Q: 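Below is a structure I'd like to ask you about.
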2 protein chains.
Amino acid sequence: MDRTIVDNQQDDLQKKLQNILKRTGPLLSSCPIRNILDRFSDKWSTLSIIHLGDAGTLRFNELKKRIDGVSQRMLTVTLRTLERDGLVKRRVYAEIPPRVEYELTDLGRSLLVQIIELGDWASNHSQQIIQARERYDTRERNVVMAEL
Amino acid sequence: MDRTIVDNQQDDLQKKLQNILKRTGPLLSSCPIRNILDRFSDKWSTLSIIHLGDAGTLRFNELKKRIDGVSQRMLTVTLRTLERDGLVKRRVYAEIPPRVEYELTDLGRSLLVQIIELGDWASNHSQQIIQARERYDTRERNVVMAEL
DNA sequence: CAGCATCCAAACAGATACTG
DNA sequence: CAGTATCTGTTTGGATGCTG
């Protein structure tokens with residue numbers, strides 16, 4: 001038993017990776033993993049989940065105010081999708097003027113954990129990425145200049 | 001000291017969430033976190049990283065064969081972006097016919113860990129999401145039928 | 001207030017043809 | 001082999017106007 005914790009973590013990751021690859025079959029459209037990763041595709045999904053996770057419950061316009069730059073249309077579309085996927089719960093109150101409240105479901109909260117970890121990674125590595133971009137762009141510019 | 005491990009994990013998440021929110025300022029376009037999360041936007045980035053992580057080093061067409069459905073153009077664009085961000089290393093051999101090999105950088109491998117965790121979450125919860133969608137769509141259909 | 005419907009511009013992505 | 005260039009259909013998303 002000379003396996004370290006790091007070894008076991010590696011094994012764990014390796015196993016998960018194989019599982020993902022197995023599930024990423026030739027039928028890309030029906031791939032369940034792709035399907036969920038696509039939730040990260042649109043900018044607003046992640047931000048909506050983050051803000052709902054932070055605030056607990058929010059009305060439509062409260063959420064809209066928090067997510068800078070989102071149009072009404074896109075927030076509506078985003079919330080519908082999240083609701084359909086069972087990540088967000090929508091509660092309508094029969095009042096005038098109408099009141100609609102949104103909050104995360106248990107499933108949504110478990111996804112929030114993943115998003116936070118991802119955001120944390122991004123936060124911790126953004127500097128490295130920005131520097132890499134600058135290096136790359138400088139190199140490009142030099143090549144272009146050499147061609148002139 | 002009656003705080004449980006779960007409590008501390010909650011604190012940790014809470015702290016990370018606050019940090020993310022702080023960094024998600026009004027200037028959305030320049031937000032470093034958004035910038036990195038956008039790497040998840042396009043379908044091919046994640047798949048490229050997963051396959052490179054699995055195989056180690058791959059030539060352009062080897063990678064293309066593994067990623068079902070990707071066009072040459074999109075794979076090229078994707079790899080350029082990943083290279084620019086310092087996630088993928090591109091090595092060109094001065095041979096004829098040309099040989100180009102791609103592999104993850106250290107930064108890319110650290111992102112791979114995050115992608116695997118995310119994919120693992122997706123894999124474990126895809127069933128719940130599919131069921132939620134079916135429930136939602138059925139409900140929709142009923143509403144429509146009631147209106148007829 | 002919360003939203004749906006429509007229009008339109010811009011970004012995206014596939015197919016095709018060509019090149020060092 | 002590993003691209004680049006171009007053309008084009010599709011998708012996206014903002015702006016605007018209207019409704020219960």
Side-chain angles (χ1 to χ4, degrees), chain A residues 28-29 34-35 37-48 51-52 55 57-84 88-103 136 139-140 143-144 146-147, chain B residues 28-29 34-35 37-48 51-52 55 57-84 88-103 136 139-140 143-144 146-147:
Chain A
L28 199 70
S29 51
R34 262 268 55 76
N35 231 301
L37 286 185
D38 281 351
R39 275 302 129 289
F40 290 84
S41 304
D42 64 308
K43 320 199 276 191
W44 311 119
S45 287
T46 48
L47 284 173
S48 297
H51 282 286
L52 285 175
T57 300
L58 287 174
R59 298 180 62 168
F60 185 86
N61 275 333
E62 289 173 343
L63 185 56
K64 185 168 182 304
K65 251 172 252 163
R66 282 170 174 251
I67 304 179
D68 186 75
V70 70
S71 68
Q72 187 194 46
R73 188 178 119 80
M74 288 321 294
L75 186 55
T76 303
V77 171
T78 301
L79 287 171
R80 283 297 163 281
T81 310
L82 293 176
E83 189 195 357
R84 187 170 106 98
V88 160
K89 168 125 187 83
R90 178 172 183 265
R91 203 167 315 173
V92 185
Y93 294 87
E95 302 174 359
I96 293 176
R99 183 158 60 103
V100 181
E101 288 181 349
Y102 294 91
E103 65 180 321
Y136 185 91
R139 185 163 67 78
E140 286 295 276
V143 172
V144 172
E147 281 171 354
Chain B
L28 199 70
S29 51
R34 260 268 57 74
N35 230 301
L37 285 185
D38 281 352
R39 275 303 128 291
F40 290 85
S41 305
D42 64 307
K43 320 199 276 192
W44 311 120
S45 286
T46 48
L47 285 172
S48 296
H51 281 286
L52 284 175
T57 301
L58 288 173
R59 299 179 61 168
F60 185 86
N61 275 333
E62 289 173 344
L63 185 56
K64 185 168 182 303
K65 251 174 251 162
R66 282 171 174 249
I67 304 179
D68 186 74
V70 70
S71 68
Q72 188 194 43
R73 189 180 117 80
M74 288 320 296
L75 186 55
T76 302
V77 171
T78 301
L79 287 172
R80 283 297 164 281
T81 310
L82 293 177
E83 188 195 357
R84 187 171 107 98
V88 160
K89 169 127 186 82
R90 178 171 183 266
R91 203 166 316 171
V92 185
Y93 294 87
E95 303 174 359
I96 293 176
R99 183 158 60 104
V100 181
E101 287 181 349
Y102 293 91
E103 65 180 321
Y136 185 91
R139 184 163 68 76
E140 286 296 275
V143 171
V144 172
E147 281 170 354

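A note on names: the letters A, B, ... follow the listed sequences, proteins ahead of strands, and every chain is numbered from 1. These numbers come from a predicted model, not from an experiment.
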Q: Find the distance A/E95:CD to C/dA2:P and express it as a whole number of Å.
A: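 Taking atom P of C/dA2 as the reference, CD of A/E95 is at 10 Å.
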
Q: Please find the earliest and latest nucleotides of DNA chain D, in the 5' to 3' direction, that have an atom within less than 4.0 Å of any heavy atom of chain A.
A: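 Listed 5' to 3', the contact boundaries are D/dG13 to D/dG20.
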
Q: Table please: side-chain donor-acceptor pairs of residues 73-82 of chain B below 3.5 Å, with sequence neighbours left out.
A:
| residue | atom | partner | partner atom | Å |
| --- | --- | --- | --- | --- |
| B/T76 | OG1 | B/Q72 | O | 2.9 |
| B/T78 | OG1 | B/M74 | O | 2.6 |
| B/T81 | OG1 | B/V77 | O | 2.9 |

Q: Using five base pairs at each end to define the local axes, how bent is the helix from C/dC1-D/dG20 to C/dG20-D/dC1, to the nearest 10°?
A: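 Between the first-five-pair axis and the last-five-pair axis there is 50°.
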
Q: Excluding sequence neighbours, so at least two apart, what forms side chain to side chain contact (heavy atoms under 4.5 Å, CB included) with A/R66?
A: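 By the side chain to side chain contact (heavy atoms under 4.5 Å, CB included) rule, A/R66 matches A/H51, A/D54, A/A55, A/L58.
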
Q: Quick one: label B/Y102 by what it contacts on the DNA or RNA (base, sugar-phosphate, nothing), any heavy atom closer than 4.0 Å.
A: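 Sugar-phosphate only.
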
Q: Taking protein heavy atoms under 4.0 Å as touching, what does nucleotides 11-18 of chain C look like 5' to 3' if B marks base contact, S marks sugar-phosphate-only contact and - marks none?
A: --BBB---

Q: B/S48 and B/L63: which non-hydrogen atoms are nearest, and at how many Å?
A: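 Smallest heavy-atom distance, with atoms named: O-CD1, 4.4 Å.
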
Q: Run the salt bridge (charged side-chain N to carboxylate O under 4.0 Å, His left out) test against A/E62 and tell me which residues pass, sequence neighbours left out.
A: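 Counting only residues at least two positions away or on another chain, A/E62 forms no salt bridge (charged side-chain N to carboxylate O under 4.0 Å, His left out).
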
Q: At a heavy-atom distance below 4.0 Å, what parts of residues 60-67 of chain A sit against DNA chain C?
A: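 Correct list: A/F60, A/N61.
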
Q: Show your reasoning for whether side-chain contact (heavy atoms from CB on, under 4.5 Å) applies to A/L52 and A/V88.
A: CA-CA 9 Å; A/L52 285 175; A/V88 160; 3.8 Å; yes

Q: Go through the structure and list residues passing side-chain hydrogen bond (donor to acceptor under 3.5 Å, both in side chains) with A/R99, not counting sequence neighbours.
A: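 Only A/E95, A/E101 meet the side-chain hydrogen bond (donor to acceptor under 3.5 Å, both in side chains) criterion with A/R99.
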
Q: In chain order, what residues pass the side-chain hydrogen bond (donor to acceptor under 3.5 Å, both in side chains) check against A/S45, with sequence neighbours excluded?
A: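 A/S45 satisfies side-chain hydrogen bond (donor to acceptor under 3.5 Å, both in side chains) with A/D42 once adjacent residues are dropped.
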
Q: For C/dC1, does OP1 or OP2 lie under 4.0 Å from any side-chain N or O of A/R59?
A: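 It does not, given that no N or O in the side chain of A/R59 lies less than 4.0 Å from OP1 or OP2 of C/dC1.
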
